[in-house]
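Reviewing the structure listed below.
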Amino acid sequence: MKFDQPATTNPIDQLKVVGKPTDRIEGPLKVSGAAPYAYERRDVAPSPAYGCVIGATIGKGKIQSMDLGPARRAPGVITIVTAQNAGPVGKGAFNTAKLIGGPDIDHYHQAIAVVVAETFEQARAAAQLVRVNYVRTAGEFDLSKAKDGAKAPKQLTGGPPDSALGDFDGAFAAAAVKVDSTYTTPDHAHAMMEPHATIAAWKGDELTLWTSNQMIDWGRGEIAKILGMPKTKVRLISPFIGGGFGGKLFIRADAVLAALGARAAGRPVKIALQRPLMINNTTHRPATIQRVRLGATRDGKITAIGHESWSGDLPGGKPDGAVHQTRMLYAADNRMTATRLAVLDLPEANAMRAPGEATGHMALEVAIDELAEGLGMDPVELRIRNDTQVVPDAAGAPPKPFSQRQLVECLRTGAERFGWARRNPQPGQARDGRWLVGMGVAAAYRGAPTMKSAARVRLNGRGLVIVETDMTDIGTGTYTIIAQTAAEMMGVPLASVRVSLGDSDYPVSAGSGGQWGAASSTAGVFAACMKLRQAVAEKLGFDPDKAVFADGRVSAGRKAAPLADAARDGELVGEDAIEFGDLSKRYQHATFGAHFVEVGIDPYTAEVRVRRMLAVCAAGRILNPKAARNQVIGAMTMGVGSALMEELVVDKGQGFFVNHDLASYEVPVHADIPHQEVIFLDETDPTTSPMKAKGVGELGICGVSAAVANAIYNAAGVRVREYPITLDKLLAGMPAVA
C-alpha cells in the first residue's frame with residue numbers, strides 16, 4: 001500500500017478498539033514467568049552448552065600472547081574460540097569496532113574470546129584461567145582534552161552537521177539580552193534489566209539465533225555480513241525483549257560469539273553478557289560538551305540562536321545529535337548550529353533513547369530558562385512568545401510547515417494543571433517546612449519518522465485473526481497496539497486476535513527504534529488487513545468497497561455473514577507493506593510536549609527530592625493511552641536519572657567505565673519517583689500514516705532533565721550546568737540557613 005496522500009476516514013476511525021486504554025495482552029505471560037526471553041528458552045535447542053565471553057583488559061593496544069592451555073584442560077570445557085581460530089569474521093555495517101578483537105584491541109572489554117563448556121559455572125571458571133599479555137598503546141579517553149581536535153563529521157543523523165541562517169554573530173553581538181553558557185552531559189548506560197543474550201544453533205549451514213534484538217531484519221543482515229554467509233541462511237527470533245532503549249538496535253558480541261561457539265562446539269550455545277561487559281562492551285550514550293548562545297530583544301523576541309556540540313566516538317563512529325531540537329523549537333531569524341566529533345578510544349557510542357534530543361534539551365532548555373531570568377520574563381511565556389508553525393532552521397529552503405504543532409497548547413495546558421501561577425519567580429524564596437521548593441519547565445521536541453513496514457494477517461475457520469510481522473516489543477506494548485489495529489480493521493473483539501512478533505521468517509517491519517515503531521508497524525498491519533478485507537469480501541460475494549466489518553460479521557446492504565464463513569474452505573491470508581511517499585518532505589512530522597517538575601531541596605544537605613511531575617504531550621492519535629502513559633512515565637523517570645544521578649565514570653588513564661554494574665551506576669528507584677501525571681492532547685495527524693498516529697516513547701524523556709535543573713534553580717538559586725546535578729555541586733551556593 002502506498003501512502004502518499006493524507007489519510008481520509010477509514011475503519012480505524014471507528015475507535016471501537018483502537019484508542020482505548022487496553023491492558024497488555026502479553027502481560028499474563030510476563031508476570032507468570034512464561035514469556036520466552038532469549039537466554040531462558042528451554043524449548044528450542046536441546047542440550048545447549050554455555051559460553052562465557054572474555055573482554056580485553058586494556059583500552060587500546062594489541063594482544064601479544066594468549067595462553068589457553070589451563071582453560072582448555074579445565075573441567076567441562078568443550079572449545080575456546082578466539083580471533084585466531086574463528087575463521088573469517090568481518091565487521092558489520094552498524095558496528096564501529098569489530099565484535100571480536102585480536103590482535104588489535106580497539107576498546108576496553110572488546111570481546112577477545114569465548115569459552116564454551118557444559119555448564120555456565122564451568123565456562124566462567126575456565127575463562128578466569130585464560131592468561132593474556134598485551135602491549136598497551138596510548139589512547140584518547142578524555143573528551144575535554146580531545147575537544148580542540150574534534151572535526152566536523154561527514155553526517156549527522158537527521159540532517160547536516162552544521163547549519164546557518166542569517167547573521168548569527170552580528171545579531172548576537174547586537175542583542176539587548178544575552179546568554180552564553182556551556183553545559184556538559186556525561187556518558188550514560190542503557191542499564192536495561194535483560195542482558196544482551198543469545199542462543200545459537202546450526203543445522204548444516206543454516207544458523208538460528210534466539211536473541212534479544214530490536215531490529216530483526218537489520219540484525220539478520222549484520223550476522224550474515226559478519227560471518228560471510230547468505231542472509232537467507234540466517235534466522236533471528238526475538239519475541240520478547242527485556243528492555244532495549246537503543247542498546248539492542250544492533251547485533252552485539254553475544255550473538256556473534258554464540259554463533260562462532262556453536263559452530264566450533266557442534267551443538268547449540270547460549271551466552272548472556274556479564275553486566276560489566278554490557279556497559280563496556282556494548283554501546284552507550286556519549287558525553288557531550290555544549291555551548292548555547294541566545295540573544296533577544298527586551299520584550300522577549302529571540303533574535304539569535306547558536307548551539308555547538310562536541311562528542312566523541314571510536315574512529316568511524318558518529319556524533320551525538322544534540323543540536324537537532326534547536327533547529328526546530330524556537331523562531332529566530334539568525335541561527336547557527338555546529339557539531340564536532342572527537343576520536344575517543346572508549347567503548348562504542350551510539351543510539352540511546354531519543355539520541356541527540358535527550359542531551360540537547362538538557363542544554364537548550366536550561367539556556368532558555370537563563371534567558372527568561374535575564375529578561376525578567378516568565379519561562380512559559382518566553383517559550384510561547386517564540387513559537388513558530390514552520391521549521392525555523394530552513395537554511396535557504398522555503399519554510400516547511402509542521403504537520404501538527406501544539407507546543408503552545410502543551411505549555412498552557414501544563415501550566416494550568418500544574419499550578420504554575422503559584423510559582424515564586426524569585427529563586428530560593430518558597431518553602432515547605434524546612435524544604436526549599438521550586439518549579440521548573442521545559443519544552444519537548446522529538447521527530448516522528450516512519451519507515452516501510454510489512455505484515456501478514458490470517459483468518460481461519462474459527463474466526464481467529466492471526467497477525468505475523470517481525471516487529472519487536474521492547475516493553476512498549478507493541479503486541480497490544482497491533483492486536484487493537486487488527487481487531488478494529490477486521491471487526492472482531494481483541495480476544496479473537498493472536499499476534500506473533502520478532503521472527504525473521506515473518507514479513508519485514510519497521511522494527512523498534514527512533515520513535516518510528518508504533519506508527520509504522522500498525523500502518524503495516526492496516527495495509528495487510530485491507531488486503532484481507534478484500535479477500536474476505538470477495539469470498540463472501542460482497543462488494544469490497546461497501547463491506548462493513550463489525551461484531552464478527554461482514555455486511556453489505558441487507559446481506560450479512562459471519563466473518564469465519566469466509567475461511568470455511570481454508571485459511572485466507574492478506575499480506576502487504578505500508579510504503580510512505582513524500583508527505584514527510586512536504587511536512588515536518590514531529591511530536592511536542594511540555595514538562596513541569598517540582599523539587600524540594602534540603603537547605604542543610606542540598607539533597608534534592610523530586611516532588612511531582614507532569615508531562616503534556618501532543619503526539620498524534622494515541623493508539624493505547626494506557627501503554628502510551630507507561631512509556632512516558634518511564635521516560636520521565638529516565639530523565640530524572642539523567643538529571644540527578646546517572647554518570648558513567650571514565651578512568652581517563654586506562655580508558656574504561658569504572659562503575660560498570662548496577663550497584664554503582666545509579667538509576668532511579670521507586671522511592672526516587674513521586675506522583676507522575678501525563679496528559680495527551682487531542683490530536684490526529686492524517687499526513688503521518690493511515691493510523692494518524694505518531695510515536696511517543698522518546699518524546700517523554702526530552703526536556704525532563706532540564707525541567708529538573710530549572711526547578712532546582714528556582715528552589716535554591718544555584719545554577720548547575722554540569723550533569724548530573726549532585727549535592728556536591730549545590731552545597732557551595734546554597735542560601736544561608738535562617
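Index from 1, following the sequence. Below, all heavy atoms of this structure are taken into account, side chains as well, without hydrogens, waters or symmetry copies. What you see is a predicted model, and the numbers here were worked out from it, not measured in a lab.
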Checklist entry - How far does CG of Leu165 sit from CD1 of Ile305, to the nearest 0.5 angstrom? => result 10.5 Å
Item to check | Side-chain touch Val632/Gln676, heavy atoms, less than 4.5 angstrom | outcome: no
Checklist entry - At their closest point, which heavy atom of Thr303 faces which heavy atom of Ala175, and how far apart are they? => result OG1-CB, 4.2 Å
Checklist entry - Got a donor-acceptor contact below 3.5 angstrom from the His324 side chain to the Thr157 backbone? => result yes
Next on the checklist: Counting C-beta onward and ignoring hydrogens, is there a side-chain heavy-atom pair between Cys617 and Lys694 closer than 4.5 Å?
Outcome noted: no
Checklist entry - Do Asp672 and Val610 have side-chain heavy atoms sitting under 4.5 Å apart? => result no
Next on the checklist: Between Arg385 and Asp299, does any NZ, NE, NH1 or NH2 come within less than 4.0 Å of an OD or OE carboxylate oxygen?
Outcome noted: no
Checklist entry - Looking only at heavy atoms, what is the nearest atom pair of Gly733 and Val718, with distance? => result O-CG2, 3.2 Å
Checklist entry - Is it true that Asp180 and Arg291 make a salt bridge, defined as a side-chain N closer than 4.0 Å to a carboxylate O? => result yes
Checklist outcome for this item: All heavy atoms of Ala338 vs all of Val323, minimum pair found to be O-CG1, 3.8 Å
Checklist entry - Within a strict 4.5 Å, meaning less than it, do heavy atoms of the Thr605 and Leu727 side chains meet? => result no
Checklist entry - Side chains of Gln325 and Glu365: does their closest heavy-atom pair fall under 4.5 Å? => result no
Checklist entry - When rounded to the nearest 0.5 angstrom, what distance separates CG in Leu407 from CZ in Arg412? => result 10.5 Å
Checklist entry - So do Glu698 and Trp516 actually touch side chain to side chain, heavy atoms under 4.5 Å? => result no
Checklist entry - Is there a side-chain contact between Val292 and Glu370, using heavy atoms and a 4.5 Å cut-off? => result no
Checklist outcome for this item: CD (Glu140) and CG (Leu314) are apart, to the nearest 0.5 Å, by 12.5 Å
Checklist entry - Which pair of non-hydrogen atoms, one from Pro319 and one from Leu341, has the smallest distance, and what is that distance? => result CA-CD1, 3.8 Å
Checklist entry - Does the side chain of Ser521 pick up a donor-acceptor pair with the side chain of Ser453 at under 3.5 Å? => result no
Checklist entry - Can you tell me how far CD of Gln515 sits from OG1 of Thr591, rounded to the nearest 0.5 angstrom? => result 4.5 Å
Next on the checklist: Between Arg719 and Asp369, does the side-chain contact (heavy atoms from CB on, under 4.5 Å) criterion hold? Intermediate values first, please.
Outcome noted: CA-CA 10 Å; Arg719 182 72 73 182; Asp369 207 63; 3.2 Å; yes
Checklist entry - To the nearest 0.5 Å, how far apart are CD in Gln290 and OG1 in Thr339? => result 9.5 Å
Next on the checklist: Please determine whether side-chain contact (heavy atoms from CB on, under 4.5 Å) holds for the pair Glu646 and Val667, giving the CA-CA distance in whole Å, both sets of side-chain angles, and the decisive distance to 0.1 Å.
Outcome noted: CA-CA 6 Å; Glu646 291 192 50; Val667 297; 4.1 Å; yes
Next on the checklist: What's the separation between atom CD in Glu357 and atom SG in Cys702, rounded to the nearest 0.5 Å?
Outcome noted: 5.5 Å
Checklist entry - Taking atom types as modelled and ignoring hydrogens, do the side chains of Asp393 and Ser163 form a donor-acceptor contact shorter than 3.5 angstrom? => result yes
Checklist outcome for this item: Residue pairs passing the ring-ring contact (aromatic ring centres under 6.0 Å, His included) test with at least one member in residues 583-603, sequence neighbours excluded, are Phe402-Phe592, Phe418-Phe596, Trp420-Phe596, Tyr445-Phe592
Item to check | Test side-chain contact (heavy atoms from CB on, under 4.5 Å) applied to Val616 and Arg417, step by step | outcome: CA-CA 10 Å; Val616 183; Arg417 179 69 67 92; over 6 Å; no
Next on the checklist: For Val704 and Ser642: C-alpha separation, side-chain torsions, deciding distance, then whether side-chain contact (heavy atoms from CB on, under 4.5 Å) applies.
Outcome noted: CA-CA 9 Å; Val704 176; Ser642 298; over 6 Å; no
Next on the checklist: Quick check: closest heavy atoms across Thr388 and Leu329, and the distance to 0.1 Å?
Outcome noted: CG2-O, 4.3 Å
Item to check | Exercise: identify the closest heavy-atom pair between Leu156 and Gly321 | outcome: CD1-CA, 3.6 Å
Checklist entry - Should the pair Arg353 and Phe245 be classed as cation-pi, given the thresholds of under 6.0 Å to the six-membered ring centre and 45° from the axis? => result no
Checklist entry - Hey, mind stepping through Arg293 and Glu308 against salt bridge (charged side-chain N to carboxylate O under 4.0 Å, His left out) and telling me if it holds? => result CA-CA 9 Å; Arg293 285 177 283 174; Glu308 300 163 90; 3.0 Å; yes
Checklist entry - Out of Leu644, Val366, Thr288, which residue meets the side-chain contact (heavy atoms from CB on, under 4.5 Å) rule with Tyr723? => result Val366
Item to check | Lys729 side chain reached by Pro724 side chain, heavy atoms, under 4.5 Å | outcome: yes
Checklist entry - Should the pair Asp313-Lys318 be classified as a salt bridge under the 4.0 Å nitrogen-to-oxygen rule? => result no
Checklist entry - Just checking, any donor-acceptor pair under 3.5 angstrom between side chains of Thr359 and Arg285? => result no
Next on the checklist: Salt bridge check, Glu677 against Arg612: does any charged N sit closer than 4.0 Å to a carboxylate O?
Outcome noted: no
